[in-house]
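Shown next, in structure tokens, is the structure this report addresses.
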Amino acid sequence: MCGRFVMTHPPDALARIFDAQPDNDLPEGPNYNVCPTVQVHAVTNADGTRRLQSLRWGFVTFWAKALNDGPLLINARAETIVEKPTFRDAAKKRRCVIPASGFYEWTKDAEGNRLPWFIHPPDDAPLAFAGIWQVWDKGEAPVTTCAIVTCAANDTMGRIHHRMPVILDGKDVARWLGETDDPAAPLMRPAPEDSLGMYRVDPAVNSNRASGPGLIAPLDTA
DNA sequence: CCAGACGTTGTT
DNA sequence: GTCTGG
DNA sequence: CCAGACGTTGTT
DNA sequence: GTCTGG
């Protein structure tokens, strides 16, 4: 799955790469420890214009009476996203792209300790996570929330985890955002085997308070 | 009809 | 064990 | 996602 | 709000 990631690209670089109009309240980076419930960058296209927005990571279902009414939905399963009442409207009409410079996954050792891995793209370009978003308007102020779509792991990722985020190829971003006539559903598939690298990092990142580039330094596991 | 779930992950 | 916070 | 709190009474 | 279970 995907429950923690890295964003080191500045907002203006993201706006340029994704050809989107940036909002003026975007998180400034770099952030080597992007956690659920924080504001993240998202590329949306609700009305014909591509925007780079700041959205709260942790999807709130439309019937929720409070922000914490139910578990935090940081992911949505690709296999069922178009059927589940919680997700289907957003999957149909409010898809977004959540950029990431890389992300973390965890394995466990024999003692049950959590061992973090950093998974990264082959170059300096950000990954494009497939996401969905929705405005939750039952509280004092509206909150716009989002979730990252997950799918089965490919063989590479399968070495450490059985799920992975849906990562869009650059040429498929427009299609995912609904800017073309092609259906978006076929894009919800595991990334190609050679498209990601991974290595162990220091368990310091296990804490949501940790920060800094040291979190993605390769761990010497020899 | 009403009451209660609805969602994810991992773990059992 | 379960919930909250980040 | 992981880490850390979680509860009462009375006393300091 | 909408669907399922009873």
**Study point:** A:Glu79 with A:Lys84: basic N within carboxylate O range, under 4.0 Å
**Key:** no
Review point. Hey, is the side chain of A:Thr37 pairing donor to acceptor with the base of C:dG6 inside 3.5 Å?
Key: yes
Check your understanding: With stacking defined as ring centroids separated by under 5.5 Å and planes differing by under 30°, is A:Trp63 stacked against B:dC6?
Key -> yes
Review point. Below 4.0 angstrom from OP1 or OP2 of D:dA3, is there any side-chain N or O of A:Asn208?
Key: no
Point to revise | Between B:dT8 and C:dT2 - C1' atom distance, rounded Å | key: 16 Å
Practice item. Return the value, rounded to whole Å, for the distance between atom CZ of A:Phe87 and atom P of E:dG1. Key: 19 Å
**Study point:** Minimum-distance nucleotide to A:Arg4 side chain [options: B:dC6, D:dA3, D:dC1]
**Key:** D:dC1
Exercise for review: Provide the Watson-Crick or G-U wobble partner of C:dG6, both distances under 3.5 Å; none if there is no partner.
Suggested key: D:dC1
Check your understanding: Do A:Arg56 and A:Gln39 get their side chains close enough for a donor-acceptor pair, meaning under 3.5 Å?
Key -> no
**Study point:** A:Arg163 side chain, from C-beta outward: closest of D:dA3, B:dT9, E:dG1
**Key:** B:dT9
Revision key, fill the gap. Among the nucleotides E:dT2, B:dC6, B:dT8, whichever has the atom closest to the side chain of A:Thr80 is B:dT8
**Study point:** Separation of A:Leu55 CG from A:Thr144 OG1 (nearest 0.5 Å)
**Key:** 6.0 Å
Review point. Quick one: A:Leu215 CG to D:dC2 P, roughly how many Å, whole number?
Key: 15 Å
Review point. Relative to each other, are the rings of A:Phe129 and A:Phe5 parallel, tilted or perpendicular (30° and 60° limits)?
Key: perpendicular
Review point. Over how many whole Å does the gap from A:Phe5 atom CZ to D:dC2 atom C1' extend?
Key: 16 Å
Check your understanding: Which one, E:dG1, E:dT2, D:dA3, comes nearest to the side chain of A:Arg88?
Key -> E:dT2
Practice item. Identify whether any heavy atom of A:Tyr104 sits under 4.0 Å from a base atom; if not, whether one sits that close to sugar-phosphate; answer base, sugar-phosphate or nothing. Key: nothing
Practice item. Please assess A:Arg51 against A:Asp23 for the test salt bridge (Lys or Arg N to Asp or Glu O under 4.0 Å), listing each intermediate value before the final yes or no. Key: CA-CA 7 Å; A:Arg51 280 174 67 192; A:Asp23 282 6; 2.7 Å; yes
**Study point:** Nearest to side-chain heavy atoms of A:Arg77, which nucleotide of B:dT8, D:dA3, C:dG6
**Key:** B:dT8
**Study point:** Intermediate values then yes/no, ring-ring contact (aromatic ring centres under 6.0 Å, His included), A:Tyr199 and A:His120
**Key:** CA-CA 9 Å; A:Tyr199 55 82; A:His120 60 89; 5.5 Å; yes
Review point. So which nucleotide does D:dG7 pair with, by the Watson-Crick or G-U wobble rule with both distances under 3.5 Å?
Key: none
Check your understanding: Please give, in whole Å, the distance from C:dG5 C1' to A:Trp57 CH2?
Key -> 14 Å
Review point. A:Leu72 has an atom CG; how far is it from atom C1' of D:dC1, in whole Å?
Key: 10 Å
Check your understanding: How far, in whole Å, is B:dC2 from D:dT9 if one measures between their P atoms?
Key -> 42 Å
Point to revise | Euclidean distance for P, B:dA5 against C:dC3 (whole angstrom) | key: 13 Å
Exercise for review: For A:Leu115 and D:dC2, give me the distance from atom CG to atom P, rounded to whole Å.
Suggested key: 11 Å
Practice item. Measure from the side chain of A:Asn68, starting at C-beta and using heavy atoms only, and say which of C:dG6, C:dT4, D:dC1 lies closest. Key: C:dT4
Point to revise | Touch class at under 4.0 angstrom, heavy-atom based, for A:Pro36 against every strand present | key: base
Point to revise | Shortest side-chain distance from A:Arg114, nucleotide among C:dG6, D:dC2, E:dG1 | key: D:dC2
Exercise for review: Would you tell me if any nitrogen or oxygen in the side chain of A:Lys108 comes within less than 4.0 Å of OP1 or OP2 on B:dT11?
Suggested key: yes
Check your understanding: So, A:Phe103 versus A:Phe118, ring centres under 6.0 angstrom or not?
Key -> no
Practice item. Could you work out the separation of C:dG5 and D:dG7 based on their P atoms and round it to a whole Å? Key: 12 Å
Point to revise | Separation between the P atoms of D:dC6 and B:dC6, rounded to whole Å | key: 29 Å
Point to revise | Nucleotide of D:dA3, B:dT11, B:dT8 approaching A:Ser207 most closely (side-chain heavy atoms) | key: D:dA3
Practice item. Whole angstrom is fine here: how far is it from CZ in A:Arg56 over to C1' in C:dG6? Key: 10 Å
Practice item. Figure out the CD1/P separation between A:Ile81 and B:dC6, and round it to whole Å. Key: 18 Å
